[in-house]
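Side-chain atoms are counted along with the backbone in the values below, which use heavy atoms only and exclude waters and symmetry mates. Note that the structure is a prediction, hence the values are computed from the model and not measured.
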Amino acid sequence: MKSWLIVLLPIIVFGALIGAGVMKVPGINDKPAAKKVAKKAVPDVAAPVDAAVVAPAITPTQEAPKPAPDAKPEAPKATIDLNKGNARLAKLWNDMDAAALSGIVEKWKDEDLAQVLAVMDNAKVVELLGKMKPERASALSRELQKLASIVPPAPAAG
């Protein structure tokens, strides 16, 4: 009986210490780095860019926090400018054959596709819409109409 206690008691104690996180045992209670990293928020590319939403986070009356003198400077974080991306893609698509382009955009959401078509050459858009099924061309035309009717907010008087 005593021999069982001599064997089981240390196992129970070590198990409790490992389970509580007091003792670190590689492969048992360590977590891979991939699980520790929080998911980064990805912007919804289908949502139209609103100038009011893209306003700077710091107002003119606020000052940016100054880093500590011994702190290393942080690398600038990349931002996503959907308008810039749409313009670049539109420039590429303007040089493509409409038949090939219609195959590329076949699975695109109407809202996303309309944002690129809105900045393309009108002649190429007409050619592309002519290659599509009438129902899809009609839905895209409505999306283009919505985008064209957006009025940017007036600058604040001050």
Next item on the list: Would you check if the side chain of Ser141 reaches a backbone N or O of Ala137 as a donor-acceptor pair within less than 3.5 Å?
Entry: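 Flag set: sc Ser141 to bb Ala137 pair under 3.5 Å.
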
Item checked: Polar side-chain atom of Asn94 near backbone of Asp121 as donor-acceptor pair, under 3.5 Å ->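 Yes, the answer is positive, given that a donor and an acceptor are paired below the 3.5 Å cut-off.
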
Margin query: Once side chain to side chain contact (heavy atoms under 4.5 Å, CB included) is applied, do any residues pair with Leu89, and if so which ones, sequence neighbours excluded?
Written below: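 For Leu89 the side chain to side chain contact (heavy atoms under 4.5 Å, CB included) partners, ignoring immediate neighbours, are Trp93, Trp108, Val116.
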
Notebook entry, point to check: side chain to side chain contact (heavy atoms under 4.5 Å, CB included) with Val125: which residues, sequence neighbours excluded?
Noted result: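 Val125 satisfies side chain to side chain contact (heavy atoms under 4.5 Å, CB included) with Leu117, Met120, Leu129, Leu144 only.
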
Margin query: For residues 123-136, which residue pairs pass the side chain to side chain donor-acceptor pair (under 3.5 Å) check, not counting sequence neighbours?
Written below: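 Side chain to side chain donor-acceptor pair (under 3.5 Å) check on residues 123-136 returns Asp110-Arg136.
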
Checklist line | Of all pairs that satisfy ring-ring contact (aromatic ring centres under 6.0 Å, His included), the ones with a partner from residues 110-138, not counting sequence neighbours | finding: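 Pairs touching residues 110-138 that pass the test: none.
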
Check: Can you list every ring-ring contact (aromatic ring centres under 6.0 Å, His included) pair that touches residues 114-145, not counting sequence neighbours?
Finding: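 Sorted pair list comes back empty.
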
Note to self: Quick check for you: to the nearest 0.5 Å, what is the distance between Glu111 atom CD and Leu113 atom CG?
What the structure shows: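 Output value for this atom pair is 10.0 Å.
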
Checklist line | Euclidean distance, Ile104 CD1 relative to Leu92 CG, rounded to 0.5 Å | finding: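 Leu92 CG to Ile104 CD1: 10.0 Å, rounded to 0.5 Å.
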
Note to self: Applying salt bridge (charged side-chain N to carboxylate O under 4.0 Å, His left out) as the test, list every pair that has at least one member in residues 97-108; sequence neighbours left out.
What the structure shows: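 Qualifying pairs, neighbours excluded: none.
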
Pairs of donor and acceptor atoms involving the side chains of residues 145-157, under 3.5 Å and at least two apart or interchain, shall be tabulated with distances.
residue, atom, partner, partner atom, Å
Ser149, OG, Gln145, O, 3.2
Ser149, OG, Lys146, O, 2.9

Item checked: Any residue meeting salt bridge (Lys or Arg N to Asp or Glu O under 4.0 Å) with Arg142, in chain and number order, not counting sequence neighbours ->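 Expected list: none.
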
Next item on the list: Name all residues meeting the salt bridge (Lys or Arg N to Asp or Glu O under 4.0 Å) criterion together with Lys91; count only those two or more places apart in sequence or in a different chain, and write none if there are none.
Entry: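 Partners of Lys91 under the salt bridge (Lys or Arg N to Asp or Glu O under 4.0 Å) test: none.
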
Note to self: In the structure I gave you, are the side-chain heavy atoms of Val105 and Met132 within less than 4.5 Å of one another anywhere?
What the structure shows: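 Yes. Closest side-chain heavy atoms under 4.5 Å.
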
